[in-house]
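Beneath this line is the structure, given in structure tokens, with notes to follow.
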Amino acid sequence: MTTLTTESGSVTLRDHTVPIGLYIDGGWLPVESTFDVVNPATGEVVAQVADGGAADALAALDAAAAAQDSWRFVPPRERANLFHRAHALLLERADAIAEVMTLESGKPLAEARGEFQLSADFFLWYAEQVAHLHGTYAEGSRGGYRVVTTHQPVGPSLLITPWNFPLLMIARKAGAALGAGCTVVVKSAKETPLTGALFVEVLHDAGFPPGVVNLIHTTHSADVSSAVMADPRLRKVSFTGSTGVGSTLLKQAAPGIVNASMELGGDGPFVVLDDADVELAAQQAIVNKFRNAGQACVAANRIIVHSAVAEEFTRRFVELTKKLRVDDGFADGVDVGPIISAKQRDGVASLVAQLSAIDSELLTGGSPVDRDGFFFEPTVFKVNDRDNDVCNKELFAPIATIYTVDSTAEAIRVANDTSYGLAAYVFTRDLSRAIAVSERLDSGMVGINRGIMADPAASFGGVKSSGLGREGGHHAIDEFLEPKYLAITVDESKGLE
Ligand code: NAD
């Protein structure tokens, strides 16, 4: 099913041809050095992909900088038409993209298809927006001139993406940047370069001009990004990944005052109040926690349950967890796929050891699955003492931790006792209470009686160490635009001549 054909610059995976080179200035470069892409469900190498370095990244920036001026003046309707063509091509290639995503990320095919659909919806959302970017017009406060505010693209942008949502992260960033009129250098994650390559191939085939989109794969991400970040032609970095790397990039952005958007880690509190629909809360917690084997920034990191419903919720949640089928992402009926790598799987085992060493009870799971690939059992802990380092970590793993509280106020205190502030969740039957609690939760997003909330129309992002800026919604394109004020002298008496 897999043919490695490095010389031809492509690989055939499940009958789909995927480019393996770097895409710079409108073409796929000949492949020189490569790195392995591994299927986490088997541990087998499925492709060898071009390993770019700092010089390649700077060549990509050369191309992006050269294309910037012409791209920003492509008329909005023409730019929107390109987006619509890309959206149509994406839909035609849905199977290839979803299958390749499952192969390299391990996520169940149904989840990959869901991610594909959401990414295509994002692209459509931008297509609908790009032809409708407006400014404002006002009279100058003291008369004699007009205040016209228009927008201009920030400029060439570096987009750095993680492996856990390999299509959504690229589509969401690139769509907003390109829609705003910015040219881009995309850096894929080394674990999942192939999905991004298929996406960039769609943009190429849709007719996005040379230099507007460039793609770098690399195993030297620090070298690649620091070279590009130090170049004064780069005007924007948009990053999704860990808070540590985000903080490093912000330091690199400081000397040149490079505009930065950061989608970083999370510590999602999932609050179940005493009047919650417990069955709904348990079902939503399962989807939220174990989607992508727990490797999601918005996953419930701490399930905080009122003592009045704690026993009922925990019993049902554990029951549902035990029913989850852990398997290869292509298997029928699979619920949970593998962890992304052996290293990450060992990290999950280490978290289990840390949680076992504190005052806690292991309710189910707790071990790697004895088979090829990097599988781990869905795991649930009840934690009795939250005053431990491991309780303040982003787990990013198929491990659910349940904490019990005695009041709504305590639930809010516990929920906010974290340096993160990405997604939070609240379950209650009382709308007034839901709103009052949501407003007190220090997070960028709150799911009310639901565990999944990504949507192209929504502004996605976090507060505190979860990030800066928003993706999606009406804010997404603004992140890549700068307002520009034109003061226009007007002699009102001219209208009386
Ligand atoms: P990561 O920070 O290790 O890697 C993310 C990207 O940054 C990858 O492309 C990686 O190659 C690159 N990178 C690594 N070191 C770098 C450096 N020194 N300079 C420049 N680039 C560098 O994160 P990860 O392990 O891939 O992803 C998991 C993290 O991402 C979690 O913390 C998760 O919460 C977060 N995440 C956040 C969101 C969000 O929207 N807020 C979405 C998905 C993932």
Side-chain angles (χ1 to χ4, degrees), residues 35 37 40 49 51-52 54 57 104-105 107 115 118-119 122 158-173 176 185-193 195-196 215-230 234 237-253 258 260-268 291-301 339-341 343-345 347-348 393-397 418-424 443-445 453-454 458-472 476 479:
F35 63 91
V37 181
V49 165
D51 195 359
E104 64 178 353
S105 75
K107 66 180 63 190
E115 179 176 342
L118 185 59
S119 308
F122 262 97
L158 174 63
L159 314 180
I160 305 180
T161 57
W163 47 264
N164 60 343
F165 292 97
L167 180 64
L168 180 61
M169 297 298 115
I170 291 183
R172 200 161 79 177
K173 286 185 193 304
V185 176
V186 179
K187 196 205 84 59
S188 65
K190 67 179 186 309
E191 296 82 357
T192 53
T195 308
L215 174 68
I216 299 287
H217 311 302
T218 183
T219 53
H220 317 281
S221 35
D223 295 346
V224 159
S225 74
S226 48
V228 177
M229 291 291 293
L234 184 83
V237 58
S238 174
F239 171 74
T240 297
S242 59
T243 297
V245 173
S247 170
T248 301
L249 289 167
L250 283 173
K251 285 185 201 120
Q252 292 174 354
V258 174
S261 298
M262 298 280 143
E263 297 287 351
L264 307 176
D267 181 7
R291 184 175 57 132
N292 212 20
Q295 304 165 115
C297 54
V298 291
N301 210 44
I339 306 298
I340 189 69
S341 64
K343 184 169 170 233
Q344 202 82 3
R345 193 247 342 253
V348 178
K393 280 189 180 156
E394 180 185 27
L395 299 171
F396 215 65
T418 168
S419 61
Y420 293 104
L422 190 60
S443 65
M445 302 174 279
M453 55 178 156
S459 298
F460 185 103
V463 299
K464 301 189 337 195
S465 55
S466 288
L468 297 170
R470 295 292 181 268
E471 288 184 355
E479 295 276 325

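Predicted model only: the values in this text are computed from it and were never measured. For ligands, and for the atoms within them, numbers begin at 1 and follow the listed sequence.
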By number and element, which atoms of ligand 1 are closer than 4.0 Å to a non-hydrogen atom of [X]?
X	answer
Arg172	40 (O)
Ala222	17 (C), 18 (N), 19 (N)
Thr161	6 (C), 8 (C), 9 (O)
Leu422	41 (N)
Ala189	9 (O)

Taking the minimum heavy-atom distance to [atom], which of [options] ranks first?
atom	options	result
atom 29 (C) of ligand 1	Gly266, Gly246, Ser242, Ala423	Ser242
atom 38 (C) of ligand 1	Gly461, Cys297, Gly268	Cys297
atom 10 (C) of ligand 1	Met169, Lys187, Met445, His217	Lys187

task: For atom 20 (C) of ligand 1, find the nearest protein heavy atom and state the residue, atom name and distance (0.1 Å precision).
output: Ser225 OG, 3.0 Å
message: For ligand 1 and Val245, I'd like to know whether there is a polar contact (N/O to N/O, distance under 3.5 Å).
response: no
Judged by non-hydrogen atoms, does [X] sit under 4.0 Å from ligand 1?
X	value
Glu394	yes
Phe396	yes
Ala296	no
Thr248	no

task: Using a 4.0 Å heavy-atom threshold (strictly under), name the region of Thr240 that reaches ligand 1: side chain, backbone, both or neither.
output: both
- line: Going by the 4.0 angstrom heavy-atom rule, the piece of Phe239 near ligand 1 is side chain
task: Go through the side-chain N and O atoms of Ser226 and Gln252 and say whether any donor and acceptor fall under 3.5 Å apart.
output: no
message: For the residue pair Lys173 / Thr161, report whether a side-chain donor-acceptor contact shorter than 3.5 Å exists.
response: no
- request: Mark yes when over 12 heavy atoms from residues, nucleotides or ligands other than Lys190 sit less than 6.0 Å from its NZ; otherwise mark no.
  value: no
message: A side-chain contact here means heavy atoms from C-beta on lying under 4.5 Å apart; do Glu115 and Pro166 qualify?
response: yes
